[in-house]
Amino acid sequence: MIQLNVDFSLLNKFFGIPINKISQYANKDLEEIMKIEAAQGNQKAADYKEILSDPDKLIKIFKLTNVENKYIILQNLSEEDLDNLLPYLKQEQLARGLNFFTEEKLMEMCAELPIEPLLQMVLEKFTILDILVLMDEDSLDKFIKQPDSERKYAQKYFETLDKKTLEQIMVYSFGADFYDKDKKEYLEHLENLNDRKYQEFLLSMERESKIGLINGMISQQEDLALLLDPEDVIAPMSLLMKADKVKLMGSLDAEYLIPMIQELPEDLVQIVLTQIDARDFSEVLARDFEDILSSVVLFSTKMG
């Protein structure tokens, strides 16, 4: 049975119960008290369900601004009820619940996010280049091989390079015959390669050149970043302290934070939900949880 610290003067105010009768009702639940009072002609007691459907009165009667009182009520709700309350929390309130997870679990949950919100989150703190420099050769090649990684963006990137840089790339991939040619000749040679040869050329480039290439391609068309592997996207987050990871994840929309919080044990979800606004909580209680409110014991060991 639930026991809350309740303001006894409000029992008198809202239910018309004389102060000198309160001690008679110790250890009785709300419904029992109201039946006795109604039988004695107390009209407010007879209408107690209407009073309990008034959110403003609930906040005062059950002291819902009190975190402990909210927690006690939350402990009596089902897992499904708790899940239904999570959308009432603000983004930053949900994010505080992430502190209950280990760093390993935080990274695991990030890797499971859809690539678009994941990228949006990571790029709040890091750059595409930060992601690319941590990628291994296989991951860089995987990006280059994807059909959606269009050749035209690579060609435009090479057009932005100075002659010396482009020369170094060409000599490395095609040999000494490409030393000291005009930039126009380099670009025309690349243009004339068929798609298979062009991709082979890109894959033959040195690691640093591949990083520059992919960064240049994405700078032209941001959607190309969606081709990156989630594990590679979250890699820079491993460099952050846990508090910074949580702060960064706090930029996620509630639709992604809520499923994360739902992975917590029920008792921790209850703690997270103690942040719920008293008004919101009272409205939900009044609408959906008359049975819970009716079972509340209105007297605690602290008499006022």
Side-chain angles (χ1 to χ4, degrees), residues 67-68 70-71 74-75 77-146 148-149 207-208 210-211 214-215 218 222-276:
V67 171
E68 292 182 2
K70 282 193 284 190
Y71 181 60
L74 289 165
Q75 286 178 302
L77 303 186
S78 69
E79 182 178 349
E80 182 180 357
D81 294 332
L82 296 174
D83 288 345
N84 290 336
L85 285 174
L86 287 172
Y88 288 92
L89 294 183
K90 297 176 182 178
Q91 185 181 25
E92 62 268 22
Q93 293 172 326
L94 289 165
R96 292 188 191 108
L98 298 176
N99 287 292
F100 289 118
F101 292 107
T102 63
E103 289 191 64
E104 182 180 4
K105 181 62 176 177
L106 291 174
M107 295 292 284
E108 179 185 315
M109 292 190 297
C110 285
E112 293 171 353
L113 287 168
I115 187 63
E116 193 165 357
L118 174 60
L119 261 172
Q120 186 177 2
M121 176 191 72
V122 172
L123 294 179
E124 289 281 334
K125 178 74 175 178
F126 300 99
T127 66
I128 291 294
L129 190 57
D130 292 328
I131 296 171
L132 296 175
V133 296
L134 295 177
M135 289 169 60
D136 58 28
E137 196 80 16
D138 288 341
S139 294
L140 295 171
D141 288 348
K142 180 181 176 181
F143 179 92
I144 292 171
K145 290 177 182 178
Q146 293 189 72
D148 291 336
S149 178
R207 172 183 167 80
E208 292 304 315
K210 288 178 184 177
I211 290 173
I214 297 172
N215 189 54
I218 293 174
E222 292 181 357
D223 286 348
L224 290 177
L226 301 177
L227 301 178
L228 295 169
D229 189 280
E231 291 288 350
D232 292 321
V233 173
I234 67 168
M237 289 181 63
S238 64
L239 305 175
L240 300 176
M241 301 292 287
K242 179 180 176 179
D244 293 323
K245 287 185 177 73
V246 170
K247 183 178 179 181
L248 184 59
M249 292 172 70
S251 66
L252 290 168
D253 290 339
E255 67 176 296
Y256 303 113
L257 290 172
I258 287 174
M260 293 179 179
I261 300 304
Q262 289 172 331
E263 292 197 38
L264 288 170
E266 195 170 308
D267 59 333
L268 295 181
V269 175
Q270 293 162 358
I271 291 174
V272 174
L273 278 168
T274 59
Q275 302 174 93
I276 190 170

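We count residues from 1, following the sequence as given.
- Heavy atoms of other residues, nucleotides or ligands lying less than 6.0 angstrom from CD of Q146 number more than 12.
- Taking both residues in full, the closest heavy atoms of L86 and V269 are given as CD2-CG1, 4.3 Å, listed atom of the first, atom of the second, then distance.
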Next on the checklist: For a side chain to side chain contact (heavy atoms under 4.5 Å, CB included) check, start with the C-alpha distance between T127 and N215, then their side-chain angles and the critical distance, and finish with the verdict.
Outcome noted: CA-CA 10 Å; T127 66; N215 189 54; over 6 Å; no
Residues 111-118 side chain polar contacts: donor-acceptor under 3.5 Å, at least two apart:
none

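- A search for side-chain contact (heavy atoms from CB on, under 4.5 Å) contacts involving E103 returns K242, K245, not counting sequence neighbours.
- Between F143 and I218, some side-chain heavy-atom pair lies under the 4.5 Å cut-off.
- Residue Y88 holds its OH atom at 13.5 Å from CG of L94, rounded to the nearest 0.5 Å.
- Closest non-hydrogen pair, V133 versus R207, comes out as O-NH2, 2.8 Å.
- Of all the heavy atoms in P259 and A254, the pair that sits closest is CD-O, 4.3 Å.
- N84 places no side-chain N or O within donor-acceptor distance of the main-chain N or O of D81, the cut-off being under 3.5 Å.
- With rounding to the nearest 0.5 angstrom, the CG atom of L89 is 7.5 Å from the CD1 atom of I258.
- Under a cut-off of 6.0 angstrom, the local environment of CD in E137 is crowded, with over 12 non-hydrogen atoms contributed by other residues, nucleotides or ligands.
- Within a 6.0 Å radius of CD in Q75, more than 12 heavy atoms belonging to other residues, nucleotides or ligands are found.
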For residues 226-241, run the donor-acceptor check on the side chains, cut-off 3.5 Å, and write out each pair with its distance to 0.1 Å, sequence neighbours left out.
residue, atom, partner, partner atom, Å
D229, OD1, E231, N, 2.9
D229, OD2, K142, NZ, 3.3
D232, OD2, S139, OG, 3.3
S238, OG, A235, O, 2.6

Run I214 and I128 through side chain to side chain contact (heavy atoms under 4.5 Å, CB included) and show every step you take.
CA-CA 9 Å; I214 297 172; I128 291 294; 5.7 Å; no
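- Of all non-hydrogen atoms in L85 and L77, the two that sit nearest each other are CD1-CD1, 3.6 Å.
- In this structure, the side-chain contact (heavy atoms from CB on, under 4.5 Å) partners of E255, at least two apart in sequence or on a different chain, are D253.
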> So K210 and D141, side chain to side chain contact (heavy atoms under 4.5 Å, CB included) or not? Walk me through it.
Replying inline: CA-CA 8 Å; K210 288 178 184 177; D141 288 348; 2.6 Å; yes
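- The side-chain contact (heavy atoms from CB on, under 4.5 Å) check on E104 picks up T102, with sequence neighbours excluded.
- Residue M260 holds its CE atom at 8.0 Å from CZ of F101, rounded to the nearest 0.5 Å.
- N99 CG to K247 NZ: the interatomic distance, rounded to the nearest 0.5 Å, is 13.0 Å.
- Using a 4.5 Å heavy-atom threshold, the side chains of Q275 and K90 count as separate.
- Checking side-chain atoms of Q93 against main-chain N and O of V272 turns up no donor-acceptor pair under 3.5 Å.
- Between A95 and G250, the shortest heavy-atom contact is CB-CA, 3.7 Å.
- Side-chain contact between M121 and Y256: absent, with no pair of heavy atoms (C-beta onward) separated by less than 4.5 Å.
- Put simply, CG on L273 and NZ on K70 are 9.5 Å apart, with the number rounded to the nearest 0.5 Å.
- For residues 122-136, no pair satisfies salt bridge (Lys or Arg N to Asp or Glu O under 4.0 Å), with sequence neighbours left out.
- For the atom pair CZ of F100 and CD1 of I261, the computed distance is 8.5 Å after rounding to the nearest 0.5 Å.
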